[in-house]
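Values reported hereafter were calculated over all heavy atoms of this structure, with side chains retained and with hydrogens, waters and symmetry mates removed. Order of the sequence lines fixes the chain letters, A, B, ..., with proteins taken first and strands second; residue numbering starts at 1 for each chain.
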Amino acid sequence: MQKEYDPEFVESKWQRIWQDRQLFRVKEDPAKKKYYLLEMFPYPSGNIHMGHVRNYAIGDVVARYKRMQGCNVLHPMGWDAFGMPAENAALANNVHPAKWTYQNIDTMRSQLKRLGFSYDWNRELATCKPEYYRWEQWLFVKMFDQGMAYRKKSFVNWCEKCQTVLANEQVEAGLCWRCGEIVAQKELDQWFFRITDYADDLLEYCERLPGWPEKVVTMQKNWIGKSLGAEIYFPLKNGDGHIPVFTTRQDTVFGATFMCMAPEHPLVLKLAAGTDQETEVQAFVERIRSQDKAKRTSDDYEKEGVFVGAFCINPFTKQQMPIFTANFALMEYGTGAVMAVPAHDQRDFEFARKYGLEIVVVIQPNGKTLDPATMTEAYVDEGILVRSGPFDGLENLKALDAIAGYLEEKKVGKRTVNFRLRDWGISRQRYWGAPIPIVYCEKCGVVPVPEKQLPVILPEDAKMLEGGKSPLPELESFAKTPCPKCGNPDACRETDTMDTFVESSWYFERYCSPDYDQGMFDKKAVEYWMPVDQYIGGIEHAILHLLYSRYFTRVLKDFGLATYKEPFTRLLTQGMVCKETLKCADHGFLFPEEVVENDQGLTCKHCGSRVEIGRIEKMSKSKKNVVDPNALIEKYGADTLRLFCLFAAPPERDLDWSDQGVEGAYRFLKRVWRLVERHAAHIQDIKTFDGEKEVTGDLKALYRKIHQTIKRVTNDIETRFHFNTAISAVMELVNTVQAVKKEDILLTPDGASILRSALETVIVLLSPIVPHWAEELWEVLGNSESVLEVAWPAYREEAIVEDEILIVVQINGKVRSRFNITADADEEAIKAAALADDRVVARIAGRPVKKVIVVKKKLVNIVV
RNA sequence: GCGAGGGUGGCGAAAUUGGCAAACGCACUGGACUUAGGAUCCAGCUCCGCCUGAGGCGGAUUGGGGGUUCAAGUCCCCCCUCUCGCACCA
C-alpha cells in the first residue's frame, strides 16, 4: 500500500479496472428489480462545469447505492447535441458545427470518465446523429398523419439585415444582437405540435406526481394555466356578425361598456377601414406590431389604445360599446378580444379613466355603495349584482354559473375552458438541428417523407453563411428533391429544422435500446426500464423540457408505443453552484487571480483600487466566479471533488463554493487512508466481528457505533438523498475509532475484529460517494472482489441498543441536571432517580412539586 | 401584485413524531512534533456576565413580536427580510 494517498494513481487504476470488467454494463434481467436513474444530459458546450459535476455526482451516488442494494440499475449518459451555440462557434472560429460539436463531446466524455461516474457508456447517444433523429422524423410523420403536427402562420422575431429568425434571447432591447438592426415580427409558416390537446390531461396528472417537488408541479400548472369561463358574442352595431370574447367574469357582463382588441386582431383594420379613424388605427397597429415581445411585456409598458371607429352591442344591456384596439390585449390568449368592465377590472378602469369612457358598477360590496364618479380603483372582490336585469340581488359567485347557463340558453355564448398553454411551435429557421421531414410539391402540396426515405439527413457539407442565416434553403442538393408522391422533380424540402427540445423529449426512451434500428426503441426494453425511477437535473428545465417530455410520452402511448403516461416517477431538482464575486469599481467583475491582497485589503491588480467582495451568485463566466473542475481534479482528484459537492449542502439547496471546504474533504480522505494504512497489517487476516461474542467498554461502544452509522447512512440516502448528513455520520464513526485511547485493545482478537468491521463499514458506506478511494482501501484490507459488488450492509438492531441512557432533568423547562440510568429503567425508576438527584434537590429547595413529566429514555421535567 | 421556498455561531450546515439548540466540517486560537509547516496530531471554539483560581456558576439565544404547551428552531397568529417562479391571461 502506498503510504500517502495519491488520487491520480488510485483513480486511473480503478477506472481502468471498471472499464476492463465492464462493471456498469447492464441488460434487461426480469429476475432483478430494475432501477432507472437518469440525470439530464448535457449540451456539449466545450467543458464540464461545476454544475454538471454536482448534478452527476448526486446521480452517481444514487446509482451506485441502488446497485449495492441489488437493483439492476440503468444509468446512461449522452449528448443534447443540436443547438445554436454550435452555429455561433462555427461563425466565430470558422469550424463546422458538426466538428465543433463532436470535439466537445470527446472532451466532455473524457472529463466525465475522469470523474469516475458509473455510466453504461455502451448506451451513449448524441442527438445530432442520423441514427437518432431519423426516429424523431419518423414520429413527426406519424404525428403529421394523425393531425398531431400541423402547419400554420405565426409570428417570429426577424432581422431583415441578417435575413434570419432570432430567438428571444438574441433580441437585445429590440435590436438584433449581432448587427443592431431593429427586430421586426414576421409572419412565417411554422410547424406546431398539438400539445393543447393534452392540456387537461397534463394538468390533471400534476396531482399524481407525488415524487416531484411541489414547486415544479406548481410551475407546470401555472404554465398550463387553465381558466374556466365563458365565451360571449358581442354583435357588431352595423350588423356584420359578432365578436367572440373570452371572459372568466361573465358575472360582470352588464358592466361591459367598451371592447378592446389586440392590434393583431384581423377585425381591427377591417372595422377601421373607411372611417375617420382609419389612418390613426393603421399607424397604431403598425407601431405596436413592430415592438418586440420583451418590450410589450415589460413592467413599465404604458397602456394605450385607439378607437377603431366602430361599435358593438352589449347583448345583455343592448347598449352600444365603442371598440378599441389596445396594446395590452394579446392575440394569443382567448379570442384576442376583451370585454372591458372598468368598474371591476383594474386595467379596464385605468383605460376608461384615460380615455373618458363610461364606468358602470354592477357589483356592490356588502355595506358600501360604489359610485363610479368617485372610485379610485376597480372593485374586484365579491358582492351582490346590481343593474344586471334578472340577476339583480344575486351573489356574484352564484351569478357566474347562472349567467353562463343563460348565455347557452339564449345562444349568445357558451361555457368555455381556456388555457394559457399554446401549441408547441417547433420550426427553427436554423441549420444545426434535425430536418423536418416534409416536401412541398406544386401538385401534391405538403407531402411527408415516406418512412423508407428516412432519415432526411442534415447535410454536413453545408457552408455556414455570414450573419447566422441557415444555409439549407440555398443548398440545392438538399432543398431540391423529387416529390415522394408524384415524382415531380421540382419539389422542395422543408428547410426549417426542429426545436432541440424535441430531441430531449424522448432520449430517455432511446437509452433503453440505443442501437435499435427497427423503430424509435425496442418495446420490450422500454417496457422493462421505463418509466425513469429517479430523474435529476436543474430547476431551469422545470417547465419546458419536463412538460414536453410528458406530452411526448402521452403521444407515444396513444400511438401504442408506450404503456405509461408519465416518464419520470421521481424528480430531484438540485440547487445551483454559487460562489462569491469580486468587483472593482473601474474594472467590473474580477477573477480571483486579478486581486492582490496587501495591507489595504483586497485591491485590483490593474488599478490598485479597493476590491469589494460581492454577493454570492451562481457561477458564471460573465461574473468571473467560476472554478474549473479540471484544475481541481488535477490537484485533489475526482473523489475529493465529489465528496465536497455532496458534503457542503443537501442536493436541493444551493451550494456555496469554498476552496477551504475542498481542502477539508481532501484532508478527511487522507486521514482515513492513514488510519487504514496504520492498521492494515494486523487486521489483514482477521474476520469482521459477527456480534456473537459479548464485548465491553470502548469496543462495545465502537461496535454499537458501527451499526448506528449504517442505520443513519442508509436512512439518509434512502429516504431523502441527504448525503451531507450521511457523510457526517461516517465522519463520526471515524472519530470514534480514533477516540479509542488505549490502542492495544484494538490488537486483541476481538478488538482487531471490530476494528476491521469499523474500517470496512466506513469504506463500504462511502463507496458510492468516493468510489476509487473506497476500491483501493477495500483491496488493501485484503478483499478480492470490487467494493461495488458488495451488498449494502444491514444494521443489527440489537447492536444499536444502548446499555445506559442519559436522562436530562429540567425544572420548569430549564435543564438543571442529567444522569445516566440503565436503558430498561421504567418511568417510576426514572422519576425517582430524578427527584433524588442532588442538584435537583438543591434547586427545588423544599418547594412543593406540582407536576412531574417523564418522557422515557429522554427527560424528566419537574414543575414547581 | 400573486405563488413557492428560505432566515439557526465568524462561515457551510445539523436537529425522525414538540423533549439537552448548534452534530459534522470550515475558519480561527493555543499546544505538540519539526530545519520548516500551508503536512500531521492534541485541546479549545454561540454570545454576555459572575467567582481570586484550576475549574465552576448563572443568564440570554434559532429574523422581530405575540400565543398554545410542563416543554417550541419545530405548532398557531401578526410583521420584517431574502431568493426563486409567474405576472397586463381578460
Side-chain angles (χ1 to χ4, degrees), chain A residues 4 213-219 221-223 225-227 229 232 245-250 252 256 259-260 262 296-299 301-303 326-330 332-341 345-348 350-351 418-421 539-540 542-543 575-576 578 615-617 643-644 647-650 652-665 667-668 670-671 674 712 715-716 719-720 722 724-732 734-735 738 806-818 850-864:
Chain A
E4 285 300 315
E214 216 180 283
K215 185 189 169 93
V216 176
V217 173
T218 310
M219 283 165 76
K221 282 194 219 161
N222 291 342
W223 189 260
K226 180 178 184 172
S227 35
I232 305 178
V245 156
F246 173 74
T247 181
T248 55
R249 292 299 305 273
Q250 62 269 23
T252 63
M259 174 78 64
C260 286
R296 281 184 74 172
T297 54
S298 73
D299 264 357
Y301 192 54
E302 203 193 325
K303 295 170 189 63
N327 61 354
F328 62 81
L330 307 172
E332 311 88 76
Y333 189 77
T335 62
V338 191
M339 67 172 207
V341 184
D345 180 288
Q346 187 56 25
R347 195 187 39 201
D348 297 344
E350 285 165 28
F351 197 85
N418 199 52
F419 291 94
R420 208 185 79 106
L421 181 69
I539 187 83
E540 64 271 22
I543 300 180
M576 298 178 298
C578 302
R615 49 189 302 168
I616 294 170
E617 297 200 62
L643 180 64
F644 172 73
F647 180 60
E652 66 276 11
R653 212 184 290 191
D654 284 350
L655 183 153
D656 288 350
W657 190 261
S658 154
D659 291 327
Q660 280 120 8
V662 180
E663 285 282 351
R667 199 149 52 213
F668 173 73
K670 285 193 290 188
R671 186 151 69 97
R674 278 193 307 272
R712 277 179 64 188
N715 210 26
D716 284 345
T719 61
R720 42 178 215 169
H722 276 206
N724 56 332
T725 50
I727 293 165
S728 61
V730 177
M731 286 174 167
E732 280 186 50
V734 173
N735 291 347
Q738 294 194 309
L806 181 71
I807 300 291
V808 173
V809 189
Q810 298 180 331
I811 296 174
N812 291 340
K814 285 193 194 296
V815 179
R816 295 302 179 192
S817 183
R818 27 177 86 97
K850 286 187 198 149
K851 198 171 175 185
V852 180
I853 289 126
V854 180
V855 181
K856 60 174 182 173
K857 298 191 177 183
K858 276 197 181 131
L859 101 174
V860 178
N861 191 6
I862 301 163
V863 187
V864 295

Q: List the steps, then state whether side-chain contact (heavy atoms from CB on, under 4.5 Å) holds for A:V662 with A:W657.
A: CA-CA 9 Å; A:V662 180; A:W657 190 261; 3.5 Å; yes
Mind checking the [atom1] distance from [N] to [M]? Whole angstroms is fine.
{"N": "B:U16", "M": "B:A27", "atom1": "P", "result": "28 Å"}
{"N": "B:G64", "M": "B:C11", "atom1": "P", "result": "15 Å"}
{"N": "B:G19", "M": "B:C89", "atom1": "P", "result": "45 Å"}
{"N": "B:U62", "M": "B:G18", "atom1": "C1'", "result": "15 Å"}
{"N": "B:U8", "M": "B:A23", "atom1": "C1'", "result": "14 Å"}
{"N": "B:C80", "M": "B:G65", "atom1": "C1'", "result": "10 Å"}
{"N": "B:G37", "M": "B:U29", "atom1": "P", "result": "14 Å"}
{"N": "B:A72", "M": "B:U17", "atom1": "C1'", "result": "14 Å"}

Q | Residues in ring pair (Phe, Tyr, Trp, His ring centres under 6.0 Å) contact with A:F647, at least two apart in sequence or another chain | A |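 Here no residue qualifies.
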Q. How would you list, by chain and number, every residue that makes a ring pair (Phe, Tyr, Trp, His ring centres under 6.0 Å) with A:W223, sequence neighbours excluded?
A. none
Q) Which letters describe nucleotides 29-46 of chain B, given B = protein heavy atom under 4.0 Å from base, S = only from sugar-phosphate, - = neither? A) -----------SS-----
Q) How does protein contact run along nucleotides 6-14 of chain B, one letter per nucleotide 5' to 3', with B for base contact, S for sugar-phosphate only, - for none, heavy atoms under 4.0 Å? A) ------BSS
With sequence neighbours excluded, what pairs up with [X] under the salt bridge (charged side-chain N to carboxylate O under 4.0 Å, His left out) test?
{"X": "A:E350", "value": "A:K303"}
{"X": "A:K856", "value": "none"}
{"X": "A:K857", "value": "none"}

Please report the distance, rounded to the nearest Å, between [atom1] in [X] and [atom2] in [N].
{"X": "A:D716", "N": "B:A23", "atom1": "CG", "atom2": "P", "value": "17 Å"}
{"X": "A:K858", "N": "B:A21", "atom1": "NZ", "atom2": "P", "value": "13 Å"}
{"X": "A:K857", "N": "B:U17", "atom1": "NZ", "atom2": "P", "value": "18 Å"}
{"X": "A:I853", "N": "B:C20", "atom1": "CD1", "atom2": "C1'", "value": "16 Å"}
{"X": "A:L859", "N": "B:G19", "atom1": "CG", "atom2": "P", "value": "10 Å"}
{"X": "A:R420", "N": "B:C2", "atom1": "CZ", "atom2": "C1'", "value": "13 Å"}
{"X": "A:M219", "N": "B:C84", "atom1": "CE", "atom2": "P", "value": "12 Å"}
{"X": "A:L806", "N": "B:G19", "atom1": "CG", "atom2": "P", "value": "16 Å"}

**Q.** Presence of donor-acceptor pair under 3.5 Å, side chain of A:K303 and base of B:C88
**A.**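 Such a pair is found, so the answer is yes.
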Q | Base B:C86 to side chain A:N222, donor-acceptor N/O within 3.5 Å cut-off | A |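 By the distance-only test, no, there is no pair.
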Q: Check for a donor-acceptor pair, side chain of A:N724 on one end and backbone N or O of A:A649 on the other, with a separation under 3.5 Å.
A: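 Between the backbone of A:A649 and the side chain of A:N724 there is no qualifying donor-acceptor contact (under 3.5 Å).
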Please report the interatomic distance [atom1]([X]) to [atom2]([Y]), rounded to the nearest 0.5 Å.
{"X": "A:D348", "Y": "A:M259", "atom1": "CG", "atom2": "CE", "result": "11.0 Å"}
{"X": "A:R347", "Y": "A:D345", "atom1": "CZ", "atom2": "CG", "result": "5.0 Å"}
{"X": "A:H722", "Y": "A:N715", "atom1": "NE2", "atom2": "CG", "result": "11.5 Å"}

**Q.** Residue mapping more 5' on RNA chain B - nearest nucleotide basis, A:K215 or A:R347
**A.** A:K215
Q: Hey, which sits more toward the 5' end of RNA chain B by its nearest nucleotide, A:I543 or A:Y333?
A: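 Here A:I543 is the residue nearer the 5' end.
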Q | Sequence-distant partners of A:E663, side-chain hydrogen bond (donor to acceptor under 3.5 Å, both in side chains), two or more places apart | A |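 Listed in chain order: A:Y636.
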Q. Would you say a side-chain N or O of A:K851 is under 4.0 Å from OP1 or OP2 of B:C70?
A. yes
Q. What's the shortest heavy-atom distance between A:D716 and A:A726, and which atoms?
A.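 Taking A:D716 first and A:A726 second, the nearest heavy atoms are OD2-N, 3.3 Å.
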Q) What pair of heavy atoms forms the shortest contact from A:Q250 to A:T247, and how long is it? A) OE1-O, 3.8 Å
At 4.0 Å (heavy atoms only), tell me whether [X] reaches a base, stays on the sugar-phosphate, or touches nothing.
{"X": "A:G664", "value": "sugar-phosphate"}
{"X": "A:V863", "value": "sugar-phosphate"}
{"X": "A:Q346", "value": "nothing"}
{"X": "A:A729", "value": "nothing"}
{"X": "A:N735", "value": "sugar-phosphate"}

(Q) Run the side chain to side chain contact (heavy atoms under 4.5 Å, CB included) test against A:V864 and tell me which residues pass, sequence neighbours left out. (A) A:I811, A:N812, A:I844, A:R847, A:V849, A:I862
**Q.** Set of side chain to side chain contact (heavy atoms under 4.5 Å, CB included) partners for A:R671, sequence neighbours left out
**A.**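 Result, side chain to side chain contact (heavy atoms under 4.5 Å, CB included) vs A:R671: A:F668, A:R674, A:V734, A:N735, A:Q738.
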N/O contacts under 3.5 Å, protein versus nucleotides 55-59 of chain B?
residue : atom : partner : partner atom : Å
B:C57   : OP1  : A:R839  : NH1          : 3.3
B:G58   : OP1  : A:R843  : NH2          : 2.6
B:G59   : OP1  : A:R816  : NH2          : 3.1
B:G59   : OP2  : A:R816  : NH1          : 3.1

Q. What pattern of brackets, bars and dots sums up RNA chain B from 5' to 3', given Watson-Crick or G-U wobble pairs under 3.5 Å, [ ] for crossing pairs and | for another strand?
A. (((((((..(((......[....))).(((((.......))))).((((((...))))))..(((((..]....))))))))))))....
Q. Is it true that atom CD of A:E214 has more than 12 heavy atoms of other residues, nucleotides or ligands lying nearer than 6.0 Å?
A. no
**Q.** B:G9, syn or anti by chi within 90 degrees of zero
**A.** syn
